[in-house]
> 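Take a look at this one; I'll ask things after.
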Amino acid sequence: MNNASTTYIPENFDKHSFQQDLISWYQSIKRDLPWRENQDPYRIWVSEIMLQQTRVDTVIHYFNQFMERFPTVNDLANADEQDVLIAWEGLGYYSRARNLHTAVKEVVATYDGQIPSQSSELKKLKGIGPYTLGAIMSIAFGEPIPAVDGNVMRVMSRIFEVYDNIADQKSKKKFEQVVEAVISKEDPSSFNQGLMELGALICSPKKPKCNECPVSSYCTAFSKGIQEELPVKTKAKKQRTIAYFAMVIEADGQYLIQKRPAQGLLANLWQFPLVEQAEFPKDEAVHYIELEYDLNLEMVHEGKPVKHVFSHVIWEVYPIFCRVSDGDISTDHGQFVTLEEMDQYPLSKVQHKVKQQIDS
DNA sequence: AATCCGGGGTC
DNA sequence: GACCCAGGATT
């Protein structure tokens, strides 16, 4: 055998003791989280999607609200995407919501509303990748399938002194093989969640609390005092900056908003029209909108600049407040709605920052 | 293999 | 600022 398990795991590693120590620690400290009330695969699924790249404390409120709004697979499948996005508003990575919606409709259409308990079927669903597959299979269905996320890679890299770059896609497969070799067959749910809980609470990226760690006696990095050297991770590229004008166009208490394209950043969310500053200087932006949108405008005032940092790009948004000067609000580039009606449209965080300036 | 895709907490 | 978070899809 020449796989990851024989490469990384010491021959004298006591797998069963490790499992016991990890699981009993997890059982003793685990929090009462809403998605741990039962093993309903729908609730587990939704929680795991929300928890992608998102902290537990952030997710709790969204999860409870989402479950109240869409209690079952059928409720979600029958919902409008617009309403699903509103429930996701502010959580970020909105393709998660759109993919979940697509997948749930697929469950209704193909599996009679029953979430498949076979991993070969489950992994066909949109938005369910290797991690989420393992999480659902182990937590909801008790199957010993690895659920390797950032926490698990950090924990395992330290315990087994693995120097593979965790920013590298193929490293995840190695860690999945490692977990495969040591996962508990008796309680894979507690084992997987225990690894993640350990990464979140004890085995942190900086200054890990090794003195509180239930499995420090198994940890090669700890025994060598090199726990802060692991894992190896290359730095991400710096984001580029794009400057926009946000055109806040008012007509008799109504404001023009438009739906963003179905693909790309903030897909299908709504916005005050954006004009890239590189294309039109401030003086020309209003005139450009007048021509392009077939509206007659007068500029009222300028707002405060809004800076927003995304994963791969930075927006600097400069609000320009205008008024329709002749009362004619017919345009093909969006619709005029009141501030109250705007609650029925999903807006990104940036757009909310612009919106907040309207009353001030 | 590299890039795209949010927003917030922490140090 | 830099880092990272219960990652996945696309190219």
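In what follows, chains are A, B, ... by sequence order, proteins preceding strands, each numbered from 1.
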> Are A:Gln169 and B:dA1 close enough that a side-chain N or O sits under 4.0 Å from OP1 or OP2?
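Indeed not, no polar side-chain atom of A:Gln169 lies that close.
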> Take the protein atom CG of A:Leu51 and the nucleotide atom P of C:dG7, then report the distance between them rounded to whole Å.
8 Å
> Would you say the side chain of A:Tyr293 lies within less than 4.5 Å of the side chain of A:Gln258, judging by non-hydrogen atoms?
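SC-SC contact between A:Gln258 and A:Tyr293 confirmed.
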> Got a list of protein N/O to nucleotides 8-11 of chain B N/O distances below 3.5 Å?
| from | atom 1 | to | atom 2 | distance (Å) |
| --- | --- | --- | --- | --- |
| B:dG8 | OP1 | A:Lys349 | NZ | 3.0 |
| B:dG8 | N2 | A:Arg55 | NH2 | 3.1 |

> Would A:Trp270 and A:Gln351 count as a side chain to side chain contact (heavy atoms under 4.5 Å, CB included) if you check the C-alpha gap in whole Å, the side-chain angles of each, and the deciding distance to 0.1 Å?
CA-CA 8 Å; A:Trp270 289 68; A:Gln351 294 294 332; over 6 Å; no
> Mark yes or no for a side-chain to base donor-acceptor pair under 3.5 Å between A:Ser311 and B:dG7, with no hydrogen or angle criteria applied.
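Not at all, since no donor on one side and acceptor on the other fall under 3.5 Å apart.
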> Nearest whole angstrom, please: distance from the P of C:dA6 to the CZ of A:Phe191.
17 Å
> Please figure out whether A:Lys237 or A:Val350 has its closest DNA chain B nucleotide nearer the 5' end.
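Its nucleotide being nearer the 5' end, the pick is A:Lys237.
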> Please identify which of these residues, A:Lys259, A:Gln82, A:Gln335, meets the side-chain hydrogen bond (donor to acceptor under 3.5 Å, both in side chains) condition with A:Tyr345.
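Of the listed options, the one satisfying the test is A:Gln335.
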> Kindly point out which of C:dC4, B:dC4, C:dA6 is positioned nearest to the side chain of A:His312?
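Of all the options, the side chain of A:His312 is nearest to B:dC4.
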> Please measure how far the P atom in B:dG8 lies from the corresponding atom in C:dG8, and state the result in whole Å.
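The answer is 22 Å between these two P atoms.
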> For A:Lys126 and for A:Thr54, find the nucleotide of DNA chain C with the closest heavy atom, then tell me which residue's nucleotide is more 5'.
A:Thr54
> Can you check the A:Met196 CE to C:dC4 P distance for me, whole Å?
19 Å
> Mark yes or no for a side-chain to base donor-acceptor pair under 3.5 Å between A:Tyr93 and B:dG6, with no hydrogen or angle criteria applied.
yes
> Mind checking A:Leu266 for me? I need base, sugar-phosphate or nothing, with any heavy atom below 4.0 Å counting as a touch.
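Touches sugar-phosphate only.
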> Students often get this wrong, so: under 4.0 angstrom with heavy atoms, is A:Gly264 touching a base, only sugar-phosphate, or nothing?
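Sugar-phosphate contact only - A:Gly264 comes under 4.0 Å of backbone atoms but never of a base.
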> Hey, can you tell me if A:Phe160 and A:Phe18 have their rings parallel, tilted or perpendicular (30° and 60° cut-offs)?
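The rings of A:Phe160 and A:Phe18 sit tilted, inter-plane angle from 30° to 60°.
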> Can you tell me the distance, in whole Å, between the OH atom of A:Tyr131 and the P atom of C:dA9?
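Between P of C:dA9 and OH of A:Tyr131: 14 Å.
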> Would you kindly say whether A:Ser190 and A:Gln27 are connected by a side-chain donor-acceptor distance under 3.5 Å?
yes
> Side chain of A:Thr132, base of C:dG7: donor and acceptor closer than 3.5 Å?
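Between C:dG7 and A:Thr132, which were checked side chain against base, a qualifying N/O pair under 3.5 Å is absent.
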> Between C:dC5 and B:dC5, how far apart are the two C1' atoms, rounded to whole Å?
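Those two atoms are separated by 15 Å.
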> Of the listed nucleotides (C:dG8, B:dG7, C:dA6), which one gets closest to any side-chain atom of A:Ser348?
B:dG7
> Roughly how many Å is it from CG in A:Asn99 to P in B:dC4, rounded to a whole number?
18 Å
> Within the 4.0 Å heavy-atom criterion, would you say A:Arg154 contacts the bases, only the backbone, or no part of the nucleic acid?
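Contact class for A:Arg154: sugar-phosphate only.
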> Heavy atoms from C-beta onward define the side chain here; which of C:dC4, C:dG7, B:dC5 lies closest to that of A:Pro205?
C:dC4
> Between A:Glu106 and A:Lys124, is there a side-chain N and carboxylate O pair less than 4.0 Å apart?
no
> Over how many whole Å does the gap from A:Ile314 atom CD1 to B:dC4 atom P extend?
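Those two atoms, CD1 and P, are 14 Å apart.
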> For A:Val313, which contact category applies under a 4.0 Å heavy-atom criterion: base, sugar-phosphate, or nothing?
nothing
> Looking only at side chains, do A:Ser311 and A:Tyr93 share a donor and an acceptor under 3.5 Å apart?
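Their side chains do contain a donor-acceptor pair, which is all the 3.5 Å distance test asks for.
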> Assuming nearest nucleotide by heavy-atom distance, tell me which of A:Lys307 and A:Arg36 is located more 5' along DNA chain C.
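Its nearest nucleotide lies further toward 5', so the answer is A:Lys307.
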> Give the rounded distance in Å between these two atoms: CD1 of A:Ile49 and P of B:dG7.
18 Å
> Distance check, C1' atoms only: B:dG6 and C:dC4, in whole angstrom units.
13 Å
> For a quick check under 3.5 Å, do A:Thr72 and A:Asp75 share a side-chain donor-acceptor pair by atom type?
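Yes, a side-chain donor-acceptor pair sits under 3.5 Å.
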> Can you confirm if the aromatic rings of A:His312 and A:Phe310 lie within a centre distance of less than 6.0 Å?
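No, they do not, as the ring centres are separated by 6.0 Å or more.
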> 5'-most contact on DNA chain B: A:Arg240 or A:Asp168, nearest heavy atom basis?
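Nearest nucleotide further toward 5': that of A:Asp168.
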> Rounded to the Å, how far apart are A:Ile60 CD1 and B:dG7 C1'?
17 Å
